[in-house]
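In what follows, a structure is listed as C-alpha cells, so that the remarks can point back to it.
When a ligand or atom number is given, it counts from 1 through the structure's own listing order. Keep in mind that this is a model prediction, so the values were computed, not measured.
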Amino acid sequence: MAEALRVGIAGLGTVGASVARVLADKAAELTRQCGRDLVVTAVSARNRGRDRGVDLGKAQWFDDPAELARKADIDVFVELIGGEDGPALGAVKAALEAGRHVVTANKALLARHGVALAEIAEKKGVLLNYEAAVAGGIPVIKTMREAMAGNSVTRVFGILNGTCNYILTRMEAEGLSFDACLKEAQRLGYAEADPTFDIEGHDTAHKLSILTSLAFGSRIAADDIYLEGISNITQADIRAAGELGYRIKLLGVAQKTESGIEQRVHPTMVPTSSVIAQVHGVTNAVAIETDILGELLLSGPGAGGNATASAVVGDIADIAKSRPGFQHGPVFGRPARELRPYKKAQMRSHAGGYFIRLTVHDRIGVFAAIAKRMADNEISLESIVQHSAGPEAGSQKTVVLVTHETTEAAVRKAVEGITKDGHLTDKPQVIRIERAE
Ligand code: HSE
C-alpha cells in the first residue's frame, strides 16, 4: 500500500472538528477508497484543551498555523481558520510556497486572493481544492471545474446561503419575525460569526464570485457585485409574493449579457412552481445553464459542520488518490494566467420583471399618478393590486405592482418619481423577479 497521506489541519472550530471526526470515524473506508491511510499528523487551534469528540493526541500541535504549513511533516494543509486575510492567508501562502497541497473552505479568502493563490499553486504543481467554500456539501466546484469542459455557461444562479434560506423559509411557513428566525439559525450553528455577513449577502457574494470565475473564465471580481441583503424583507412582502404565485429567495446570479457579466445578490421572486422555489431551510441549490448541457440543478446541504466536512474530506481524498508526479489541473478550471479580465455589466441595464410594493395615502388620484409614472418610463404592468395595509391602517393602502420585462434604470426612475409625487407613507419596496423553471 502507498504511504499514508499526512494531513495538517489549521482551525478546529465546528468545521475543523467535524473534519477530524470524519477522518477518524471513516478511516477504514477512506483507506479502502484511496488505497492509502489518511492520517492527521499536525493541528493548529487556539484552544488545546477543548473536547472536540476526537482523539488528536498523536498529532503535533502548532500555535502558529503558518509554522504548521511550513514545518510540519504533512502532505496536505487544510485551512479551516476563516477570514480573508490574516493567519488564513499567511498560512495558505506558506503551504503552497512550501509545495504542499491545500484544501480550504474559506470563500472570503478565495474571493479576495483566489487568483494569486491559484498562480502559486499552479507554479508549484500542487492542488488547491476548495469544494466546501461554495454551497457547503454540494459538489459544485468539481462539477464546474471538471465535468463541464467545452460548455459555454450563460447563467449560474443559486441559493448559496443556508442562514438566509432558513430565515426566509421559516418566515413564510410560520409567520415568524426576521429576528426570531435569525436567532434560531445562529443557535443551530448555520450563521457566520458575524451574522450581517449572511443576512446582508456578503457570504453569498463571496461564493458567487468564485462561481462566476469558473463559469465565465474571468478573474474573480468580488467587489463588482450588486448587493442587497434580506434584512428589509417583511411579512407583507412574503404574503404578497405568495398571493402572486412567487416565493422570495436570496439568490446570487451571474449572467452573461451583451454588455458584460452581471453579478448580483439580492432578494428575488421566483415562481412558486419552479424547482428552486422548492429548496427550503438550510438547503442550498445551484442552477447552471449552458449551451451543451442545458440546465443543471444541484441541491443539498449548504451549511453546518457535517455538510462542510463532507466536502473537505472529499477534497483530501482526491489528493490522496492523485498520482505522484502527475501535473494537477488548474484551480479555476483553466490556467490562472488564462483567466480574462472581468467585464462588468452595469446594474442599471439589468432587464427583468419587478415586484413593487407601495404604501400610499388612500386618496383620489394616487393610482392614476402611479400608472402615469410607469407609462412615462415605458414600463408595462402585468398586474396592479390594492389591499388595505391592515385593520388599523386607516387611510393607508398597499399597492402591489408586477411589471413585465423592463430595465433597472426605468424602475428606479419611476419609483423616484412616485416618491416625489408625495403619495407614499412608507419606503417603497422593490424586488426583482428571476426567470426560473
Ligand atoms: N453561513 C453560511 C451559510 C455557512 O449560512 O450558508 C457556510 O458558508
Side-chain angles (χ1 to χ4, degrees), residues 11-19 22 78-84 88 103-112 114 129-141 157-171 178-212 214 220 222 225 227-231 233 248-253 265-268 276 279-287 298-315:
L12 289 173
T14 308
V15 177
S18 294
V19 169
V22 172
V78 181
E79 185 275 306
L80 301 170
I81 306 165
E84 64 183 52
V103 172
T104 178
N106 190 336
K107 56 256 159 181
L109 174 81
L110 291 165
R112 198 63 57 205
N129 285 349
Y130 52 95
E131 188 61 72
V134 181
I138 303 176
V140 63
I141 303 298
F157 65 99
I159 295 170
L160 303 174
N161 185 269
T163 302
C164 288
N165 206 45
Y166 177 86
I167 292 172
L168 292 170
T169 302
R170 296 218 50 197
M171 282 178 76
F178 175 85
D179 288 339
C181 298
L182 171 60
K183 281 207 182 90
E184 193 59 12
Q186 285 175 300
R187 194 183 65 76
L188 293 167
Y190 303 142
E192 297 295 309
D194 174 0
T196 54
F197 237 76
D198 293 294
I199 61 179
E200 297 308 341
H202 301 283
D203 178 75
T204 300
H206 283 152
K207 295 167 179 168
L208 180 69
S209 71
I210 297 167
L211 293 182
T212 304
L214 286 162
I220 297 179
I225 297 182
L227 196 60
E228 270 177 38
I230 62 164
S231 56
I233 298 296
I248 302 176
K249 297 288 181 191
L250 183 78
L251 293 191
V253 185
V265 172
H266 50 73
T268 308
I276 203 145
V279 175
H280 301 301
V282 74
T283 307
N284 282 195
V286 186
L298 303 167
S299 105
N306 274 346
T308 315
S310 166
V312 170
V313 171
D315 276 350

*asked:* Less than 4.5 Å apart, side chain to side chain, heavy atoms only: is that true for Y130 and I210?
replied: yes
_Sole residue of L160, L250, V279 in side chain to side chain contact (heavy atoms under 4.5 Å, CB included) with N165_ = V279
*asked:* Give the atom numbers and elements of ligand 1 that come within less than 4.0 Å of a heavy atom of K107.
replied: 7 (C), 8 (O)
*Please tell me if the side chains of I167 and F178 come closer than 4.5 Å, counting only heavy atoms from C-beta onward.*
yes
*Which atoms from ligand 1 have a heavy atom of G162 less than 4.0 Å away?*
3 (C), 5 (O), 6 (O)
*Identify, by atom number and element, the atoms of ligand 1 in contact range of D203, meaning under 4.0 Å from any of its heavy atoms.*
2 (C), 8 (O)
*Side chain, backbone, both or neither: which part of T163 comes within less than 4.0 Å of ligand 1 when only heavy atoms are counted?*
both
*Is I230 close to E200 at the side-chain level, that is, under 4.5 Å between some pair of heavy atoms?*
no
_Minimum-distance protein heavy atom relative to atom 2 (C) of ligand 1_ = E192 OE2, 3.2 Å
_Show me which atoms of ligand 1 lie under 4.0 Å from any heavy atom of A303._
3 (C), 4 (C), 6 (O)
*For a side chain to side chain donor-acceptor pair (under 3.5 Å) with N161, tell me which candidate from D203, T204, N284 qualifies.*
D203
*Any atoms of ligand 1 less than 4.0 Å from a non-hydrogen atom of K207? List them with their elements.*
2 (C), 6 (O), 7 (C), 8 (O)
_Atoms of ligand 1 close to D198 [distance to a heavy atom under 4.0 angstrom, numbered from 1]_ = 1 (N), 2 (C), 3 (C), 5 (O)
_Any side-chain heavy-atom pair of K249 and H280 under 4.5 Å_ = yes
